[in-house]
Amino acid sequence: MARGKLRIHLGAAPGVGKTYAMLSEAQRRVGRGTDCVVGFVEHHGRPRTEVMLHGLEQVPRRELEYRGGVFPEMDLDAVLARRPQVALVDELAHTNVPGSRNAKRWQDVEELLAAGIDVVSTVDIQHLESLGDVVESITGVRQQETVPDEVVRRADQVELVDMTPEALRRRMAHGNIYQPDKVDAALSNHFRPGNLTALRELALLWVADRVDAHLTRYRSEHRVSAIWGSRERIVVGLTGGPEGRTLIRRGARLAEKGAGGEVLAVYIARNDGLTSASPKELALQRTLVEDLGGTFHHVVGDDIPAALLAFARGANATQIVLGSSRRKTWQYVFGPGVGATVARESGPDLDVHIVTHDEVARGRGLPVARGARLGRSRRVWGWIAGVAGPPLLAVLLNTVDLGLANDMLLFLALTVAAALLGGLLPALASAAVGSLLLNYFYTPPLHRWTIADPKNIVAIVIFVAVGVAVASVVDLAARRTHQAARLRAESEILAFLAGNVLRGETGLEDLLERVRETFGMESAALLERAGDVEPWTCAGRVGRGRPVERPDQADVDIPVGDHMALALTGRVLPAEDRRVLAAFAAQAAVVLDRRRLQEEADRARTLAEGNRIRTALLAAVSHDLRTPLAGIKAAVTSLRSEDVEWSEEDRAELLEGIEEGADRLDHLVGNLLDMSRLQTGTVTPLIREVDLDEVVPMALGGVPEGSAGLDVPETLPMVAVDPGLLERAVANLVENAVKYSPPGAPVLVAASALADRVEVRVVDRGPGVPDEAKERIFEPFQRHGDAPRGAGVGLGLAVARGFAEAMGGTLNAEDTPGGGLTMVLTLRAAGTRPELHPAAEPERQAS
């Protein structure tokens with residue numbers, strides 16, 4: 001059965017019109033004759049949205065009872081049985097009521113898609129799982145309802161529903177989004193202009209990245225090599241010289257002029273030897289480009305202009321920034337230089353900027369390491385000089401008479417030139433041809449292949465010997481230069497690899513990408529298997545080359561131990577490159593092992609935390625529980641003693657001690673059990689609508705009379721809580737506050753309403769808590785300051801916060817004006833659900 005298609009309307013905030021756009025799309029499809037039904041759409045009481053539902057078939061919702069309340073949810077079975085062509089399912093990140101088939105609505109949508117039903121849905125950018133930390137830093141609220149990014153990325157269509165912050169705030173002020181009594185709070189919290197602007201930018205960038213990924217895939221699938229300037233990508237070519245920092249800053253300024261501009265700094269190293277670049281300078285430039293938001297790339301290529309242009313076209317760059325040449329004027333006789341070559345061959349779709357700097361025309365400084373021994377062009381010129389040079393020189397010398405000695409020196413100079421250009425073989429050819437020409441034209445008897453004077457024989461022999469010696473020295477020097485360049489290349493690449501490790505860049509995919517990029521391959525993968533006869537599995541892969549399932553399918557494979565291999569596709573590497581590649585392979589294995597060890601360490605840390613809790617529990621049992629038990633036992637033993645006649649007053653005092661000890665035991669054991677339930681995640685609140693004035697007074701029953709005052713207005717809205725958990729949480733807060741309040745300063749328990757929330761404040765006038773300890777006091781088994789051992793096991797506040805969060809609320813500490821500590825318990829007002837009212841989680845007050 002063909003899988004259904006998913007279309008998502010993405011917005012930056014509630015009220016931008018996602019549901020309206022979805023319903024408009026449904027009306028258009030119904031008008032075209034498409035079988036379209038409403039699986040679940042929440043109009044939030046907005047009249048214009050509700051009107052769009054008219055004429056659309058709605059599948060009846062399923063009502064579920066939970067915690068004394070009745071909640072409507074999408075009837076997944078009914079939609080599957082109805083089997084429409086298209087189903088509308090609002091709020092993709094919604095959490096289903098317990099008792100539903102799936103925990104999340106996006107899982108319901110996956111079932112519909114698997115059944116071949118197309119789905120149109122909505123989601124806010126703040127509900128994407130990967131953006132949770134970013135959204136929290138913007139709004140101050142951590143979104144509890146999220147949807148995995150991959151679910152949204154797999155959608156066949158993602159349509160951005162956009163609205164400016166000013167327009168959205170006008171809609172809010174006109175009452176088109178929330179009820180009038182909630183407008184002011186929403187505008188001053190979640191719907192502030194800064195929040196909306198930041199969330200809008202997140203949405204635009206997320207959609208732009210997705211469009212860019214689609215464009216990259218399309219260009220790869222259709223083998224499009226031409227540059228499409230959809231966004232500004234600036235490639236900065238680096239030589240390793242000090243001018244690189246100037247070029248990087250210039251590229252960053254160019255990128256800032258275009259929306260979504262990127263900077264890609266690239267250093268081209270020769271395939272068999274790096275140029276004389278300073279590793280320290282490259283490290284500084286790498287840090288600079290990363291600080292400016294760009295990326296640093298290390299690419300291998302013999303032909304630097306061609307490699308630079310290939311990288312730019314592969315990255316779909318629009319501009320290249322290069323520095324003016326450091327060559328002196330006379331050095332241009334050897335060629336036009338990298339900048340001129342790149343500008344000439346860039347074509348009309350790639351702009352090249354030549355930037356001046358302080359190093360212009362100051363020379364290259366250190367010499368450049370050449371290619372493999374002697375390059376092809378040098379060998380060609382060497383053969384020309386060695387074979388064609390002597391006859392030309394002979395023709396020239398026949399016109400003048402310089403003497404045999406000068407003639408031999410000129411032929412020797414030509415042999416040296418052939419050796420410098422082409423190495424040993426062209427020099428030997430030059431010496432042979434030159435000796436024959438000297439014998440024939442300039443050694444008596446002339447124009448004969450004989451030599452009359454023995455001294456001339458010695459001269460010609462010396463001539464040949466000197467030519468061969470010079471050629472050998474030049475060839476040996478070329479070999480040594482090649483070896484030194486190779487070693488320098490390997491050392492710099494290995495230093496680069498070590499630098500990644502020291503900087504903590506230990507991601508397997510990042511390392512494989514570096515391997516692929518450094519050696520110019522299409523793909524890189526790390527393969528492993530459990531045994532010699534087990535199938536190979538892929539531990540990590542990057543690139544877009546053909547998939548490799550076994551090492552023998554790759555163009556290059558480097559074994560790592562007995563059951564692991566690094567496999568690359570794209571081209572066959574020379575043997576000398578495999579040594580450096582082996583270092584990358586070994587590092588990839590280390591990274592993989594480190595990742596697995598980190599996972600083991602995380603599991604061990606979880607076990608250690610559990611052991612710490614158990615140890616603390618044992619410590620609590622060994623002291624804090626034994627003390628009241630000892631008191632109870634002593635009192636009971638005294639009462640049962642027949643040797644002493646107790647008076648009624650003594651008997652009442654002993655019974656009172658037994659009762660106090662039992663109450664203390666009950667309180668301690670209750671907190672221990674509650675903490676255990678919270679640690680194991682077994683707390684299941686029974687949420688229902690209650691009045692605070694029914695629950696809070698009951699929480700004050702465990703403190704001495706007159707030690708706490710109550711201010712809970714009857715006009716407060718009802719709250720959606722578990723009454724039992726709320727009573728326990730408030731009781732723990734009050735008992736803790738009374739414990740630290742000075743005599744004559746009763747604790748105040750006050751409640752107030754704010755937008756969709758109700759706050760319960762427990763105010764004391766005690767010594768207070770420093771800011772750095774305000775979070776630590778909520779950790780289990782923590783006592784603040786010099787609290788005595790008998791003050792409890794340090795679980796009261798931890799249990800209170802755990803219960804508050806289990807009910808969908810928060811608990812925080814703040815300073816009391818004038819001295820003391822205030823505990824702020826925030827609860828949701830009845831009739832609101834976080835998934836239906838995102839503004840119910842506005843920016844946390846400065847409390």
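Excluded from the calculations below are hydrogen atoms, water molecules and symmetry mates; all remaining heavy atoms, backbone and side chain alike, are included.
- Side-chain atoms of Asp75 do not come within 3.5 Å of backbone N or O of Arg61 as any donor-acceptor pair.
- Between the side chain of Arg105 and the backbone N or O of Asp90 there is at least one donor-acceptor pair closer than 3.5 Å.
- No side-chain heavy atom of Val41 sits under 4.5 Å from any side-chain heavy atom of Leu56.
- Taking the charged nitrogens against the carboxylate oxygens, Arg200 and Asp162 do have a contact shorter than 4.0 Å, which makes a salt bridge.
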(request) Test side chain to side chain contact (heavy atoms under 4.5 Å, CB included) on Asp118 and Arg7 and set out the steps. (result) CA-CA 8 Å; Asp118 294 346; Arg7 174 171 179 165; over 6 Å; no

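- Using a cutoff of 4.0 Å between basic side-chain nitrogens and carboxylate oxygens, Arg596 and Glu528 are scored as salt-bridged.
- Proximity of a side-chain donor or acceptor of Thr95 to a complementary backbone N or O of Lys104 within less than 3.5 Å is not detected.
- Glu232 and Thr318 are linked by a side-chain donor-acceptor pair at a separation below 3.5 angstrom, with hydrogens and angles left out of the test.
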(message) side chain to side chain contact (heavy atoms under 4.5 Å, CB included) for Val548 and Trp536? Distances and angles first, verdict last.
(response) CA-CA 10 Å; Val548 175; Trp536 289 92; over 6 Å; no

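- The number of heavy atoms from other shown groups lying within 6.0 Å of CD (Glu150) is above 12.
- When side chains are defined from C-beta on, Val123 does not count as touching Trp106, because their heavy atoms never get closer than 4.5 Å.
- When all heavy atoms are compared, the tightest approach of Leu80 to Ala115 is CD2-CB, 3.8 Å.
- A donor-acceptor pair is defined here as one N or O able to donate and one able to accept, closer than 3.5 Å; such a pair exists between the side chain of His127 and the backbone of Glu145.
- Side-chain contact check for Val120 versus His9: some heavy-atom pair is nearer than 4.5 Å.
- Of all the heavy atoms in Ala539 and Leu592, the pair that sits closest is CB-CD2, 3.8 Å.
- Across all non-hydrogen atoms, the minimal contact from Leu199 to Gln126 is CD1-OE1, 4.3 Å.
- Note on Glu600 versus Arg603: salt bridge recorded, some NZ/NE/NH1/NH2 to OD/OE distance being below 4.0 Å.
- The nearest pair of heavy atoms linking Arg46 to Ile177 is NE-O, 3.2 Å.
- Shown here are the ring pair (Phe, Tyr, Trp, His ring centres under 6.0 Å) partners of Tyr66, two or more places apart in sequence or in another chain: there are none.
- The closest donor-acceptor contact from the side chain of Gln85 to the backbone of Asp35 lies under 3.5 Å.
- Ser121 contributes a side-chain N or O that, together with a main-chain N or O of Val89, makes up a donor-acceptor pair within less than 3.5 Å.
- Other residues, nucleotides and ligands contribute over 12 non-hydrogen atoms within 6.0 Å of the CZ atom of Arg154.
- To the nearest 0.5 Å, atom CG of residue Asp124 and atom CG of residue Leu92 are 11.0 Å apart.
- Put simply, the side chain of Thr295 never gets that close to the backbone of Leu264: no donor and acceptor are under 3.5 Å apart.
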(request) Could you check Val161 against Met22 for side chain to side chain contact (heavy atoms under 4.5 Å, CB included), going step by step and ending with a plain yes or no? (result) CA-CA 10 Å; Val161 182; Met22 178 180 67; over 6 Å; no

(request) Would you sort out whether Val147 and Leu128 count as a side chain to side chain contact (heavy atoms under 4.5 Å, CB included), showing the intermediate values? (result) CA-CA 5 Å; Val147 59; Leu128 292 185; 3.9 Å; yes

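- The two atoms that bring Phe296 and Val289 nearest to each other are CB-CG1, 3.9 Å, heavy atoms only.
- Side-chain N or O atoms of Asn96 include one that pairs as donor or acceptor with a backbone N or O of Asn102 at under 3.5 Å.
- Put simply, the residue from Ile234, Leu350, Val236 that forms a side chain to side chain contact (heavy atoms under 4.5 Å, CB included) with Gln319 is Ile234.
- Note on Arg3 versus Glu110: salt bridge recorded, some NZ/NE/NH1/NH2 to OD/OE distance being below 4.0 Å.
- Within a 6.0 Å sphere centred on CD of Gln553, other residues, nucleotides and ligands contribute more than 12 heavy atoms.
- The closest donor-acceptor contact from the side chain of Arg313 to the backbone of Ser346 lies under 3.5 Å.
- A donor-acceptor pair under 3.5 Å is formed between the side chain of Glu73 and the backbone N or O of Val97.
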